[in-house]
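Down below is the structure, laid out as structure tokens.
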Amino acid sequence: MHTWPNLLSSSPTGPGHPSHRMPEGPELHLASHFVNEACRELVFGGCVEKSPVSRNPEVPFESSAYHISALARGKELRLTLSPLPGAQPPQGPLALVFRFGMTGSFQLVPSDALPPHAHLRFYTAPPGPRLALCFVDIRRFGHWDLGGKWQPGRGPCVLLEYEQFRLCPSRENVLRNLADKAFDRPICEALLDQRFFNGIGNYLRAEILYRLRIPPFEKARTVLEALQQRRPSPELTLSQKIRAKLQNPDLLELCHSVPKEVVQLGGKGYGLESTEEDFAAFRAWLRCYGTPGMSSLRDRHGRTIWFQGDPGPLAPKVSCRGQVPQEEIQGSTEGS
């Protein structure tokens, strides 16, 4: 059985455990990679099946032979069903856009061994053993839409559309929009606003702010306005400018490079059946999120932010040190 990111185990082991992570940009990217690799040589056929308990829309697609491919963008994944030449009935491709909620994942399994909570199923065509590509979602906060359009209002993907994130709209565009009320909030909350930071979620915001020693409850506008002063000297050569950025990255640059580090760790340790050993690489990578010695507070949406030192002037008064809030475990969708 092949599995890919399923990030909430039925028996969480602690606040630093990856089971407490909702899928963020890196996990969606890894999921798209899994689908493309696992389904590259497969031909699917027949109807698409939806579980009766899912409230998501039916997928009115039936073809005698089609391929499946995936593309991730921020916290969304587009699955494209492409009929092969001569497939019946004649029709064009159909695309679906998935948002994984808290526990979404894709699994490729034998058709007679479907996992629990497989809410959407795509079956391979004969000959050969019949397999099923399943969208599995234990908590059922995941969603799919027909048509293939990305959700309106989301900004460029911080991971795969970095040039658009920085240039069109650029970091200058972010700074020009500092009057937006989103930047009245603490920087830890602004980082979950997918209009500006598409793909950043709870564990990523903690790691980014920790590396820059930015208090999580500093006003977002104050943090971002400081970037206006960080302009390289025109006297520097291109190589000198690049070296300076690598040595002293700013917040917007880390919004790209930190998720990229997670992708480079690979997909081990994300499946429900993974052992504690499988989580070693990710746990070793974490510097702040859920790690010993760090403090934690809930933001105004009930999400836990991990940090070290002064929380900042907009911090709430009540600490939740060393605890993961029930809102996060049971289904908060803020920033999804």
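Numbers for residues simply follow the sequence, beginning at 1.
- Taken together through direct or relayed side-chain contacts under 4.5 Å among Ile, Leu, Val, Met, Phe, Trp and Tyr, V43 and L79 form parts of separate hydrophobic clusters.
- Under a 4.0 Å N-O distance rule, the pair E76/R154 qualifies as a salt bridge.
- Without hydrogens or angle criteria, E207 side chain to Y289 main chain gives a donor-acceptor distance under 3.5 Å.
- The CG atom of L251 sits 9.5 Å away from atom CD of E253, with the distance rounded to the nearest 0.5 Å.
- The local environment of NZ in K50 is crowded, with over 12 non-hydrogen atoms from other residues, nucleotides or ligands closer than 6.0 Å.
- Between K181 and E189 there is no salt bridge, since no side-chain nitrogen of the basic residue lies less than 4.0 Å from a carboxylate oxygen of the acidic one.
- We find that D299 and R185 are not joined by a salt bridge, their nearest charged nitrogen and carboxylate oxygen being 4.0 Å or further apart.
- Counting heavy-atom neighbours within 6.0 Å of E41 CD, excluding the residue itself, gives a total of 12 or less.
- Note: the hydrophobic cluster containing W306 also contains F282 (ILVMFWY, side chain heavy atoms under 4.5 Å, direct or indirect links).
- The structure places OG of S295 at 4.5 Å from CZ of F307, a figure rounded to the nearest 0.5 Å.
- Ring planes of W144 and F98: tilted class, angle from 30 to 60°.
- Under the 30°/60° scheme for interplanar angles, the aromatic rings of F183 and F196 are found to be tilted.
- Of the possible polar contacts, one joining the E24 side chain to the N202 backbone as a donor-acceptor pair under 3.5 Å is found.
- The CD1 atom of I305 sits 5.5 Å away from the CG atom of L209 when rounded to the nearest 0.5 Å.
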* Where do C39 and H67 land on the side chain to side chain contact (heavy atoms under 4.5 Å, CB included) test, with the steps shown first? -> CA-CA 8 Å; C39 300; H67 282 157; over 6 Å; no

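- Atom CG in L77 sits 11.0 Å away from atom CG in L30 (nearest 0.5 Å).
- Judged by distance alone, with hydrogens and angles left aside, the side-chain atoms of Q107 form no donor-acceptor pair with the main-chain N or O of F135 at under 3.5 Å.
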* Output, in order, the C-alpha distance, side-chain angles, deciding distance and verdict of side chain to side chain contact (heavy atoms under 4.5 Å, CB included) for L254 and R211. => CA-CA 9 Å; L254 287 187; R211 294 190 187 193; 4.0 Å; yes

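- Shown are V258, L159, V158; of these, the side-chain contact (heavy atoms from CB on, under 4.5 Å) with I200 is made only by V158.
- The aromatic ring centres of Y66 and F122 sit 6.0 Å or more apart.
- Using a 4.0 Å cut-off between charged side-chain N and carboxylate O, R73 and E161 make a salt bridge.
- C255 contributes atom SG, which lies 4.5 Å from atom CZ of F165 (distance to the nearest 0.5 angstrom).
- Within 6.0 Å of CZ on R55 lie no more than 12 heavy atoms contributed by other residues, nucleotides or ligands.
- With contacts defined as side-chain heavy-atom distances shorter than 4.5 Å, the pair C134/Y123 does not qualify.
- Cluster annotation: V59 and L131 are assigned to the same hydrophobic cluster (Ile/Leu/Val/Met/Phe/Trp/Tyr, side-chain heavy-atom contacts under 4.5 Å, transitive).
- Judged by distance alone, the side chain of T103 and the main-chain N or O of I138 form a donor-acceptor pair under 3.5 Å.
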* Asked: Can you list the steps and then say if L192 with R205 is a side chain to side chain contact (heavy atoms under 4.5 Å, CB included)?
  -> CA-CA 8 Å; L192 297 184; R205 66 173 178 170; 3.5 Å; yes

* Mind running ring-ring contact (aromatic ring centres under 6.0 Å, His included) on H256 and Y162 for me, showing each step along the way? => CA-CA 7 Å; H256 170 70; Y162 183 50; 4.1 Å; yes

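- Note: the hydrophobic cluster containing L84 does not contain I68 (ILVMFWY, side chain heavy atoms under 4.5 Å, direct or indirect links).
- A distance of 5.0 Å separates NE2 in H143 from CG in N56, rounded to the nearest 0.5 Å.
- The closest donor-acceptor contact from the side chain of T304 to the backbone of R298 lies at 3.5 Å or more, if one exists at all.
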